[in-house]
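Comments concern the structure below.
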Amino acid sequence: MKPTFLSSTSFCMLFLVLGLFFGVNLHSQNLFSRNDVLQDLAFLKESLEETHYNLYAYTPKQEFDKNYNQVKNEISKDSFNLLEVTSLCQKVISKANNGHTEIGFPGNSYGAYANAGGTLFPLEIAFEDGKSLVRKNWSNNDAIKVGAEILSINSVSMTAILSEIYPLISAERRYFKNAKLELYSFPRYYWQVYGKEDSFEVEIKSDGVTKTYVVDAVDLIQGYEMKRKELINSERKLEFIGESAYIKSGNFGGDEEKYQQFIDSAFTQIEERKSKNLIIDLRNNGGGDDSFSNYLVSYFSDRPFKWNSSFKLKTSKFLKEHTRKNYDTTNAFWQSVLNHKNGEVYDYEFEPYQPQPKTKRFLGKVYVLVNRQSHSQATVTAAQIQDYGFATIVGEETGEYPSLYASIFQFKLPNTQIPVNVSKGKIVRVNGSTAEAGVIPDIYIKDHLLDEEDEILEGLLKQIE
């Protein structure tokens, strides 16, 4: 059973760079009339109101409508390109403050810009302690050090710049917006807001001293994309570190049979090595389907378990039409969508998942690593493990909430064909808490993105080895 939990726009594809650079849909070069844009904006609002489980959970309707009208008033010229329309629609949908209800980064427009010889701001940023810190310096100016604070760019303060970027990103809170901005990268979003610029005057504070530097833009492909390592890591691996076995499960998606083979093989080797500790790494994990995560958990659970305490869905006429066109209507999950009345909210029950036989399970001490880049099902899985007491959670608070509006489905706006993700369901974590907070680790260790050190894993190993 796959409840379409993860936002495929955000994390499953996560910037398949070659796909962005080549084979770009020429639709991204088209211009759309003012009427086309107004129609798509109205369609977006109406579809959100009809299909979202609770569109006004975090933003009152009056505030949402006010923002919609403000965006609508920006549509004053005769024609708009795809990037402009995407930004307008993002400003509408992001006001719901729901990370799974979103219009993702404009990959088609970005790919077209790359193919046209585009350039980018050369400094990548991490957000820590309310500061914008240099994470990577791709410029030709070595005087700008990693960890230095960026105060302004081209005489515009970072506070003002972020106020322009945040409305393009859907998230429940600023902590999660910053995590997404780190994920997709500041230079990409800076381009979306400010367009192509040849050079940048950057005000930098380092060691208590403030200086201004002028840096040139870097080539988007050779100077940035070919150098950048994406934060989400789908790699699967097993390592043995002293008396501890370390598993990086990768995202909870893809070929499920191969995933299960990897998990089976890993635990067979762990048993052969007689490891005393097991470390499961859910950091920088894009999430996916519960069938993947449950299979992993079954190897160290001591009793039947679920991945939620409540899973509710809202059906609608729009969703039913979408379901008949795009999904297997013989599947019980999608049948439930069709069999309830339009607008009805209902419970969908998942059967308890059974643990592996005791002879196959790991019986030692288990630790699960998380950070602000543990997304979607990775966050939910960490909460599930914590609530059952199956393991000790280690790291920093997740950006996403473990009780959240999710179970997305995707449709396209009629004129521009911009993909839209909408949360049709609400998931509550195993312990029933709906607190607006991420998964809080049992052992807190800060994950600094500014260096290549692994503070969380190394910090845990010092405690247990």
Side-chain angles (χ1 to χ4, degrees), residues 5-12 14-15 52-59 64 90-105 124-133 135 158-159 161-186 188-189 192 230-232 251 282-288 369-383 393 395-408 421-423 425-429 433-441 444 446-449:
F5 184 57
L6 171 69
S7 166
S8 58
T9 295
S10 291
F11 304 124
C12 284
L14 194 68
F15 292 106
H52 195 283
Y53 183 90
N54 183 2
L55 184 60
Y56 309 116
Y58 302 118
T59 303
F64 187 90
Q90 285 173 326
K91 291 177 183 178
V92 169
I93 197 169
S94 71
K95 195 64 178 179
N97 294 331
N98 174 203
H100 278 76
T101 298
E102 65 173 351
I103 292 173
F105 182 83
E124 194 165 325
I125 295 176
F127 300 94
E128 297 190 2
D129 303 320
K131 299 178 181 179
S132 302
L133 306 179
R135 179 171 178 259
M158 281 301 299
T159 299
I161 291 171
L162 292 175
S163 71
E164 295 289 330
I165 292 177
Y166 284 151
L168 307 177
I169 302 173
S170 292
E172 283 76 2
R173 53 180 175 159
R174 180 167 294 188
Y175 180 64
F176 193 22
K177 280 184 185 282
N178 285 341
K180 282 191 168 185
L181 185 49
E182 291 171 340
L183 174 65
Y184 290 119
S185 91
F186 177 84
R188 291 167 177 160
Y189 272 111
Q192 185 179 350
E230 299 293 348
L231 290 181
I232 290 297
N251 298 336
L282 297 183
R283 296 172 300 166
N284 301 79
N285 186 310
L369 310 184
V370 297
N371 65 358
R372 58 188 180 271
Q373 300 296 344
S374 301
H375 294 273
S376 199
Q377 189 67 23
T379 292
V380 171
T381 302
I393 307 299
E396 64 181 6
E397 181 185 353
T398 62
E400 198 150 12
Y401 298 161
S403 293
L404 72 168
Y405 297 92
S407 186
I408 64 102
N421 288 335
V422 181
S423 302
K426 182 179 182 180
I427 294 93
V428 178
R429 66 184 291 174
S433 172
T434 56
E436 294 179 6
V439 175
I440 308 298
Y444 176 81
K446 176 70 175 176
D447 188 11
H448 295 286
L449 293 180

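Just so it is clear, the values below take in all heavy atoms, side chains as well, and ignore hydrogens, waters and symmetry mates.
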Problem - CZ on R173 to CG on N178, rounded to 0.5 Å - result: 10.5 Å
Problem - Side-chain donor-acceptor pair present, S170, T101, cut-off under 3.5 Å - result: no
Exercise for the section: Find the distance between CG (L231) and OH (Y184) and round it off to the nearest 0.5 Å. Expected result: 11.0 Å
Problem - Worked verdict on R135 versus E182 for salt bridge (Lys or Arg N to Asp or Glu O under 4.0 Å) - result: CA-CA 10 Å; R135 179 171 178 259; E182 291 171 340; over 6 Å; no
Handout entry: Shortest non-hydrogen contact between S433 and S403, atoms and distance
Key = O-OG, 2.6 Å
Practice task
Check for a donor-acceptor pair, side chain of K426 on one end and backbone N or O of N54 on the other, with a separation under 3.5 Å.
Solution key: no
Handout entry: side-chain contact (heavy atoms from CB on, under 4.5 Å) between E397 and Y175, intermediate numbers included
Key = CA-CA 10 Å; E397 181 185 353; Y175 180 64; 4.1 Å; yes
Practice task
Could you tell me whether the side chains of N98 and E172 share a donor-acceptor contact shorter than 3.5 Å?
Solution key: yes
Problem - Atom pair OG1 (T379) and OH (Y401), whose distance is rounded to the nearest 0.5 Å - result: 12.0 Å
Exercise for the section: Examine K446 relative to Y444 and say whether NZ or CZ is less than 6.0 Å from the centre of the six-membered ring and inside a 45° cone about the ring axis. Expected result: no
Exercise for the section: Say whether, by atom type as modelled, one donor and one acceptor occur between the side chain of Q90 and the main chain of I169 under 3.5 angstrom. Expected result: no
Handout entry: Under 3.5 Å donor-acceptor, N371 side chain and R283 backbone
Key = no
Exercise for the section: Using the six-membered ring wherever Trp is involved, compare the ring planes of Y405 and Y58 and label them parallel, tilted or perpendicular (cut-offs 30° and 60°). Expected result: perpendicular
Practice task
Specify the closest pair of heavy atoms between S94 and K91, including all atoms of both residues, with the distance to one decimal.
Solution key: OG-O, 3.7 Å
Handout entry: Residue pair A96 / F64: nearest heavy atoms and the distance that separates them
Key = N-CE1, 3.9 Å
Problem - Residue pair K180 / G99: nearest heavy atoms and the distance that separates them - result: NZ-O, 3.0 Å
Exercise for the section: Fit a plane to each ring of H375 and F176, take the angle between them on a 0 to 90° scale, and name the class: parallel (under 30°), tilted (30 to 60°) or perpendicular (over 60°). Expected result: tilted
Problem - Minimum-distance pair of heavy atoms, taken over all atoms of S376 and E400 - result: N-OE1, 2.7 Å
Exercise for the section: To the nearest 0.5 angstrom, please state how far the CG atom of L168 sits from the CD atom of Q192. Expected result: 4.5 Å
Problem - Between CD1 on residue I408 and NE2 on residue H100, distance to nearest 0.5 Å - result: 7.5 Å
Problem - Sub-4.5 Å side-chain heavy-atom contact between I125 and M158 - result: yes
Fill in the blank from the handout: Tightest non-hydrogen contact, residues L162 and P167, listed as O-CD, 4.4 Å
Exercise for the section: Look up atom CZ in R372 and atom OG1 in T398, then write down how far apart they are to the nearest 0.5 Å. Expected result: 12.0 Å
